[in-house]
Amino acid sequence: MNRSEPIRKAPSFLESLVQRRTLGYLLLGLVLLVAIWRLGNALLENPSLFLQQVTNGLQIGFVYALIALGYTMVYGIVRLINFAHGDVFMVGAFTSFYAISRIQLHLWTRALFPDLNPFIADVIGTISVVLLSMAVCALLAVTIERVAYKPLRNAPRISALITAIGVSFFLEYFGALNFVYTANYITYRRPFDVITWVIGDQGVQVLQKGQEVPAGAIIFSNISFIIIVVSIILLVLLQYFVKNTRTGKAMRATAYDRQTARLMGVDVDATISTTFAIGAALAGAAGVLYAIAYPQVVFWMGIIPGLKAFVAAVLGGIGSIPGAVVGALILGQAETLSAAYISTPMRDAIAFSILIIVLLVRPTGIFGEAQREKA
Amino acid sequence: MMLEVKDLNVYYGAIHALKGVTFHVDKGEIVTLIGANGAGKSTTLNTISGLLRARQGSILFQGEDITRTMPQDIVRKGIVQVPEGRKIFATLSVLENLEMGAYLNKDKAQIQRDLEMVLDRFPRLRERRNQYGGTLSGGEQQMLAIARALMSRPTLLLLDEPSMGLSPILVEQIFEIIQDINQQGTSILLVEQNAQMALSIADRGYVLETGRVVLEGPAQELLHNPMVIEAYLGGHG
Ligand SMILES: Nc1ncnc2c1ncn2[C@@H]1O[C@H](COP(=O)(O)OP(=O)(O)OP(=O)(O)O)[C@@H](O)[C@H]1O
Ligand SMILES: [Mg+2]
């Protein structure tokens, strides 16, 4: 039989160059070369400074990771980009602000047990603040889901998306009201004292107040340490929860196929609420950590970190939990290292260019599944 | 009576999919619902499972009205569905799929025993227990779908076209398993397009056409009914 086949020419060099993938690989190769050359030089020139930058990148990367997880988990289960998520992060920061400056929650152990070791008292105090913020954010997100998103679950996706943007504006401008947070920058008091260590020629030393950082030394504070440790603990807990618990499995089953999860006896509404709650709790923790690192809170503080965490989630492959973490860590490094070694004003442009290049090569993100049929 | 469906009317928006369907399943029976594409078979099962709501009519399970009961409570009462197209959780391992079947069971030791029992019955699944559900073949997925349903210890098992897309040998095998499950005390409501096979293992059958039961009776009678032969058994019974 005579089948009609379209006649195809071999693509010309120019044509193949503008193909998405080829272009992506070329750019990716180029960026990697430049990065290796630039960073290699930096490492050889001043290894301690380089290490310092990597630590800073790790710190912000973990904060992004905690936020990105909420985007990715919620997207995975209800296919919604929850644009209000960054503002939940902001509420987390403000909750801890009030907990610390108004009710002195971080000092409760000292008040009750004055003889307790001050270090342990600080640890317990800080954990209490973080837990309170997580709880408030979880409650907030569950309420938002019930009130704003659930009624739209069977509506076109764009409706829920626009609603999410509306909720985001609501949280911001409600927060900006004078009897809420006001529209001003507010200085944040940390729940513990900052200790800075200087690592230099004389080994590791505690940096005293007013003391200059000696040239060539790098500094490392308990803030970085706490952010990294708290984030890792939360990530491990999340991983365990999602992989091994009954509810975690129900979440994954519901994300894959809601109707069939119902047939197994899963209460899908409750499972979706749990997902929102967990994502928001992580964002709440991120809010506290962020405020501890950059001690200032303001009603719109969630916008930029929220956006970047969203980018991180897309970079890693939205819907994928390891993807969100990897994407966020890459973004954190890209941002800090470009600020340090290329250009500070350009750092976001560079970070976002990396996103575009990666998406050229892998449109579904690093860990993204190939287009899955609608669950 | 195990299950009693009376005058069921179900709509998809303006589409009237079930127009007064009435049938019942007695304890220990295999009852089959046969009919062509679009007759309303899956709609019937999904309404029983609580995924769809009847606009009119009622569903009684062991004498209790479950017409407005939530899907999870229906599973809890012992009605479990093996859905059309198997609907394995592709991103969960075989073991996790089975655990999802036992989702409502909180007795860990019992789940473990059920798991062993199910894996003994389906040795193929034991070999593949750590693989992702999505990597199984069609036949293995059907086994997994049935095994998963068994994990919830059903009193009444709803099966939606278990023979779909399987080779004749595999269909035989699946139908033997269904009979076996039935002999161990589970009542079965079997939806099929393969009328020959379904009627050969069923006690009774109902023929569904565009949302209505047009014929019912003992399976052996239906097998020899000229209308059934003409429409569903290829014409030369
Ligand atoms: N989600 C839906 N929206 C609108 N109409 C639907 C929907 N699902 C089913 N229908 C319609 O309801 C009728 C019954 O469908 P149903 O799926 O119950 O048929 P079935 O007997 O299971 O068919 P098959 O053997 O092909 O699975 C059909 O006319 C179908 O087009
Ligand atoms: Mg069907």
I need the residue from [options] with the largest number of non-hydrogen atom pairs under 4.5 Å to chain A.
{"options": "B:Q81, B:M70, B:R76", "value": "B:Q81"}
{"options": "B:P71, B:A90, B:P83", "value": "B:A90"}
{"options": "B:M151, B:E99, B:Q72", "value": "B:Q72"}

Compare all side-chain heavy atoms of [X] with those of [Y] and state whether any distance is below 4.5 angstrom.
{"X": "B:K87", "Y": "A:Q259", "result": "no"}
{"X": "A:M264", "Y": "B:R148", "result": "yes"}
{"X": "A:K249", "Y": "B:M100", "result": "yes"}
{"X": "B:L51", "Y": "A:L263", "result": "yes"}
{"X": "B:L92", "Y": "A:Y256", "result": "no"}

Contact summary for B:F89 and A:D257, nearest pair of heavy atoms: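 In this case the closest contact between B:F89 and A:D257 is CE2-O, 3.8 Å.
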
Tell me, side chain or backbone of B:L158 under 4.5 Å from chain A's heavy atoms, or both, or neither?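 When you check distances to chain A, no heavy atom of B:L158 falls under 4.5 Å.
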
Is B:Y132 atom OH crowded by more than 12 heavy atoms from other residues, nucleotides or ligands, each under 6.0 Å away? no

Test: A:R246 cationic atom under 6.0 Å from B:Y103 six-membered ring centre, within 45° of axis: yes

